[in-house]
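Along the sequence shown, residues carry numbers from 1.
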Amino acid sequence: MSEVLPFKGVIYNKEKIRNISKVLTPPYDIISPSQQNQYYKKHSNNIIRVILGKIYSSDNTKSNKYTRASKFIKEWLRKEILIRQNTPAIYFLEEKFVYKGETKTQLGFICLIKLQDFSSGLISPHEETISKPKKDRLKLLQTCKTNLSPIFSIHLSDNMEEKLKMIIDKKKIKPLFNVQFAGVQNKLWAITRTDTIKFIQKKIAATKIIIADGHHRYEAALAFKDEMKKKQKANKLYDYVMMYLTSINNKGLVIVPTHRLIKCEKFDFERFITTIKDSFAIYPVNSLKICFDKMEKYGAKVQTFGMYAGNNKFYVLFLKNFKLPSQIKSCHSKEWNKLDVSLLHNFLIPSLNSEIIDVCYIRDEKDAVNLVNLKKYNIAFFLNSTKLSEVKKIAGLNERMPPKSTYFYPKLVSGLVINKIS
């Protein structure tokens, strides 16, 4: 069973930080170097200094981005820029945003979850990880001993978040924060009632959890727990990690597609078309909009892709006869091989018959078209969003989605609440 704990969250002191939006950031892994500079300039106490500190040429083992992050936390706590809550709580988060012209609301809660090895089956990853960011997050955790951002996860229970929101509205509980950030209205409440916390604990104990975003931080927390156990450090909180949970039935849960741009050593479009035509029907369309309209319409029935290789010529690709190409050799399940992103990387991209110089992951399709027109890349492949049902199915098979399969939107804000372990 999955174990939930309330915790005494550390939050920004509103008496000292009047405009909370100035100290918040998105998750560290989607912040570009230019954005990092912007957040540094935005406020001297911006959380960027902790979650993604700058690297300087003078850095050494005693002074670096990790040691500076630790000093910032200690200094901000000492000066009461950050304050620890007096009562253990589970923090309820409401995010309101507009997606494709529709106003959506995502509800979830932030708590401590007992760390479980993936072999237990209670908590499952859904995507492959890379060693470098895992090492980075582990070093930050070792130095700061703080969960700085909640891990975004999905639980397979019913949509209990709606019941929690009804309790909050009925009790007229005031939010700790009500802040607009990056186009999303964030409201955060502290739930301290024992009966409500027990209700959450009971629900989560009986369900499975799938990590949606934050795999590197979760695996870093597992490694840190094992490290502390070997050192015989007696602190119960080492066994837990701060996690955001939302139901898979949440109507506000959105997955945004991540498209691919490919640069080849020798690009031959006609040869590529000849290679794939036995497996894919290829239809030219007149515009990017029509391309995406066709992708959305047919994507629910069959594996469908958009494609652009310049000269204002767009294409829609449909898998023929629902039959996977025989060229695909994989040790994964049939369900994994059928994923759009698997088919793209295991068949379409290899069918370019050229050495791949660069693969760029991009979410804005118009930017992708512009980069092909500028000849920065040879070809763009457009994907539909990965379905939540696919995420659930692959996790249920104890497999992981290919990298960059999902981009859950909106990203959780960093800086609303953190968990100080020691």
Side-chain angles (χ1 to χ4, degrees), residues 12 17-57 59 64-66 68-73 76 81-82 93 95-99 106 127 129-130 132-137 139-141 143-144 146-152 177 179-186 188 212-217 220 244 254-261 358-368 370-371 374 376-377 403-404 406-418:
Y12 277 101
I17 307 293
R18 297 293 184 181
N19 186 348
I20 295 297
S21 67
K22 289 184 176 295
V23 295
L24 305 177
T25 72
Y28 80 100
D29 55 345
I30 63 168
I31 299 173
S32 68
S34 62
Q35 290 172 327
Q36 183 190 41
N37 286 328
Q38 291 170 14
Y39 289 121
Y40 258 80
K41 294 174 182 177
K42 204 168 186 178
H43 199 286
S44 60
N45 301 123
N46 190 285
I47 198 70
I48 191 71
R49 288 169 171 79
V50 180
I51 67 166
L52 190 65
K54 287 186 176 182
I55 299 172
Y56 301 104
S57 58
D59 283 354
N64 51 62
K65 68 175 185 177
Y66 306 111
R68 285 189 290 272
S70 179
K71 287 179 181 177
F72 280 125
I73 292 175
W76 294 350
I81 291 162
L82 290 174
L93 179 64
E95 298 168 286
K96 284 193 175 181
F97 57 99
V98 176
Y99 181 71
Q106 187 176 126
E127 222 174 57
T129 57
I130 304 168
K132 186 176 179 180
K134 196 189 311 181
K135 290 177 181 177
D136 167 65
R137 291 301 100 178
K139 185 67 175 176
L140 189 61
L141 184 55
T143 310
C144 296
T146 305
N147 299 143
L148 297 166
S149 304
I151 293 164
F152 190 128
F177 298 115
V179 56
Q180 178 90 7
F181 184 81
V184 180
Q185 192 69 36
N186 295 267
L188 186 76
D213 195 6
H215 294 77
H216 297 105
R217 282 175 281 138
Y244 167 86
V254 172
I255 300 178
V256 179
T258 301
H259 313 300
R260 271 66 167 169
L261 283 162
D358 186 26
V359 178
C360 175
Y361 300 92
I362 190 167
R363 277 172 285 280
D364 191 307
E365 57 270 18
K366 292 180 181 178
D367 286 347
N370 288 337
L371 286 167
L374 291 169
K376 301 286 187 182
Y377 293 89
K404 304 293 183 183
T406 56
Y407 184 94
F408 287 86
Y409 180 83
K411 291 292 185 180
L412 292 175
V413 173
S414 294
L416 279 181
V417 61
I418 66 177

Next on the checklist: Does anything in residues 19-29 form a side-chain hydrogen bond (donor to acceptor under 3.5 Å, both in side chains)? List the pairs, not counting sequence neighbours.
Outcome noted: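 side-chain hydrogen bond (donor to acceptor under 3.5 Å, both in side chains) check on residues 19-29 returns N19-S21.
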Between atom [atom1] of [X] and atom [atom2] of [Y], what is the distance when rounded to the nearest 0.5 Å?
| X | Y | atom1 | atom2 | answer |
| --- | --- | --- | --- | --- |
| I51 | L140 | CD1 | CG | 9.0 Å |
| R49 | S44 | CZ | OG | 6.0 Å |
| F408 | I255 | CZ | CD1 | 4.0 Å |
| Q38 | K42 | CD | NZ | 8.5 Å |
| N45 | I81 | CG | CD1 | 4.0 Å |
| R137 | L148 | CZ | CG | 7.5 Å |

Next on the checklist: Using side chain to side chain contact (heavy atoms under 4.5 Å, CB included), reason through Y12 and I47 one step at a time and then give a plain yes or no.
Outcome noted: CA-CA 10 Å; Y12 277 101; I47 198 70; 3.7 Å; yes
Heavy-atom closest pair, residues [X] and [Y]:
| X | Y | result |
| --- | --- | --- |
| A368 | L261 | O-CD2, 3.5 Å |
| P27 | K411 | CD-CB, 3.6 Å |
| E95 | P410 | OE2-CG, 3.7 Å |
| W76 | N46 | CH2-O, 3.4 Å |
| I30 | Q35 | O-OE1, 3.3 Å |
| S414 | P26 | OG-O, 3.5 Å |

Next on the checklist: Would you say NZ of K71 has more than 12 non-hydrogen atoms from neighbouring residues, nucleotides or ligands within 6.0 angstrom?
Outcome noted: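 Count not over threshold, so no.
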Checklist entry - More than 12 heavy atoms of other residues, nucleotides or ligands under 6.0 Å from NZ of K96: is that the case? => result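 No, not enclosed.
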Checklist entry - Quick one: which of L412, L24, I20, L93 gives a side chain to side chain contact (heavy atoms under 4.5 Å, CB included) with N186? => result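 When side chain to side chain contact (heavy atoms under 4.5 Å, CB included) is applied between N186 and each of L412, L24, I20, L93, only L93 qualifies.
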Item to check | Any residue meeting side chain to side chain donor-acceptor pair (under 3.5 Å) with D367, in chain and number order, not counting sequence neighbours | outcome: none
Checklist entry - Hey, are the side chains of N64 and T143 touching, using non-hydrogen atoms and a 4.5 Å cut-off? => result no
Next on the checklist: Ring of Y40, cation from K54 - is the NZ or CZ under 6.0 Å from the centre and inside 45° of the axis?
Outcome noted: yes
Next on the checklist: Quick check with a 6.0 Å cut-off and a 45 degree axis cone: is R260 positioned over the face of Y361's six-membered ring?
Outcome noted: no
Item to check | Residues I17, H43; criterion side chain to side chain contact (heavy atoms under 4.5 Å, CB included); working and verdict | outcome: CA-CA 10 Å; I17 307 293; H43 199 286; 3.6 Å; yes
Next on the checklist: Checking V179 against V413 for the side chain to side chain contact (heavy atoms under 4.5 Å, CB included) test, could you report, in this order, the C-alpha distance in whole Å, the side-chain angles of both residues, the deciding distance, and whether it holds?
Outcome noted: CA-CA 10 Å; V179 56; V413 173; over 6 Å; no
Next on the checklist: As a quick check of understanding, evaluate side-chain hydrogen bond (donor to acceptor under 3.5 Å, both in side chains) for Y66 and D136, giving each step before the final call.
Outcome noted: CA-CA 9 Å; Y66 306 111; D136 167 65; 2.7 Å; yes
Hey, does the side chain of [X] reach the backbone of [Y] with a donor-acceptor pair shorter than 3.5 angstrom?
| X | Y | value |
| --- | --- | --- |
| R68 | I55 | no |
| Y377 | V359 | no |
| D59 | Y56 | yes |

Item to check | Chi angles and distances behind the side chain to side chain contact (heavy atoms under 4.5 Å, CB included) call for Y244, I151 | outcome: CA-CA 6 Å; Y244 167 86; I151 293 164; over 6 Å; no
Checklist entry - Would you say the ring centroid of Y409 lies under 6.0 angstrom from that of F97? => result yes
